[in-house]
Each structure stands twice: as C-alpha cells, then as structure tokens.
Amino acid sequence: MDHSTLLIAQLTDLFRIGLLVGLIYTAERTRAQTGIIVPLLIGIAFIAIIIATTMPVAGVPVLQAIVSGVVANSIITAVLWLIWMAIKKRG
C-alpha cells in the first residue's frame, strides 16, 4: 500500500474520526485544568499509535502506519476543531 492510499484510508476511518471527536470534546471540557494544546497533541499521537498497533494493515510497517496516522489525525483534528469553533461562535 502506498503512502497516499494509506493516508486516504486513515482519513476516512470512522473509528478514528469518532475517537478524535471524543478527544476534542474531552479537551474542551477539561480546558481550564489542562489547557488545550498538550492534551490534543498527546491524544493525536496516542490514537495513531493505538490504532496502528492493534489494527495493523497487511504489508504496511507499523512505523509507517503510525507516522501516517499522526498526519491523518492532525488533519482531522484541525478540521473538527474549526467546525467546533464555528459552532461555538454561532451559539
């Protein structure tokens, strides 16, 4: 599997998206105690590592899946965060 195919597969993974929605929700709820940047960065890396190690893709090295997962998680988190901020600003 080449890099672009792997990235597209990760960007469209509903399980990954659901975990990142939960990450943003939790980070927003605990913002006063923990801040926002560090929990999001740790969560992005954690989700990438957990998914890559527990659901390996045949023919893809784990390190490649983790790095691609961090990129995919960062993109998804950025989009979800912008949507959350737009909703928060409207309401």
Side-chain angles (χ1 to χ4, degrees):
M1 181 178 286
D2 64 347
H3 296 293
S4 60
T5 305
L6 179 60
L7 184 62
I8 295 298
Q10 290 176 337
L11 286 171
T12 57
D13 180 13
L14 293 178
F15 180 66
R16 181 180 306 268
I17 293 170
L19 287 174
L20 292 168
V21 167
L23 173 66
I24 289 174
Y25 176 76
T26 303
E28 184 63 31
R29 302 257 313 153
T30 61
R31 178 181 235 169
Q33 294 83 16
T34 62
I36 198 72
I37 299 297
V38 173
L40 285 179
L41 292 176
I42 292 171
I44 286 170
F46 179 76
I47 291 170
I49 292 167
I50 291 299
I51 290 177
T53 55
T54 60
M55 296 186 295
V57 178
V60 177
V62 174
L63 184 59
Q64 180 184 352
I66 290 171
V67 170
S68 181
V70 168
V71 172
N73 290 353
S74 299
I75 293 168
I76 295 168
T77 301
V79 170
L80 291 173
W81 185 260
L82 291 173
I83 292 169
W84 174 252
M85 289 295 111
I87 291 170
K88 191 174 173 182
K89 188 174 183 178
R90 287 183 95 193

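Here the structure is a predicted model, which means the values were calculated and not measured.
- Considering only heavy atoms from C-beta on, L19 stays 4.5 Å or farther from I50 through its side chain.
- Pairs of residues two or more places apart, or lying in two chains, that qualify as side chain to side chain donor-acceptor pair (under 3.5 Å) and include a residue from residues 46-64 are H3-Q64.
- Rounding to the nearest 0.5 Å places CD1 of I76 at 6.5 Å from CZ of R16.
- Two different hydrophobic clusters hold M1 and L7 under the rule that ILVMFWY side chains link at heavy-atom gaps under 4.5 Å.
- Cluster annotation: I66 is not connected to V60 through the hydrophobic network of ILVMFWY side chains, with a link wherever side-chain heavy atoms come within less than 4.5 Å.
- The hydrophobic clustering, which links ILVMFWY residues whose side-chain heavy atoms are closer than 4.5 Å, places L41 and L23 together.
- Listed by first and then second residue, the salt bridge (charged side-chain N to carboxylate O under 4.0 Å, His left out) pairs involving residues 82-91 are E28-K88 (not counting sequence neighbours).
- Nearest heavy-atom pair across I44 and S74 is CG2-OG, 3.9 Å.
- There is a path of hydrophobic side-chain contacts, each under 4.5 Å, that joins I37 to I47.
- We find the CG-CG distance between L11 and L6 to be 9.5 Å, quoted to the nearest 0.5 Å.
- Taken together through direct or relayed side-chain contacts under 4.5 Å among Ile, Leu, Val, Met, Phe, Trp and Tyr, I83 and L40 form parts of separate hydrophobic clusters.
- The two residues T77 and L20 come nearest to each other via the heavy atoms OG1-CD2, 3.5 Å.
- For A65 against A52, the heavy-atom pair with the smallest separation is CB-CB, 3.9 Å.
- Not a single donor-acceptor pair under 3.5 Å links the side chain of Q10 to the backbone N or O of V70.
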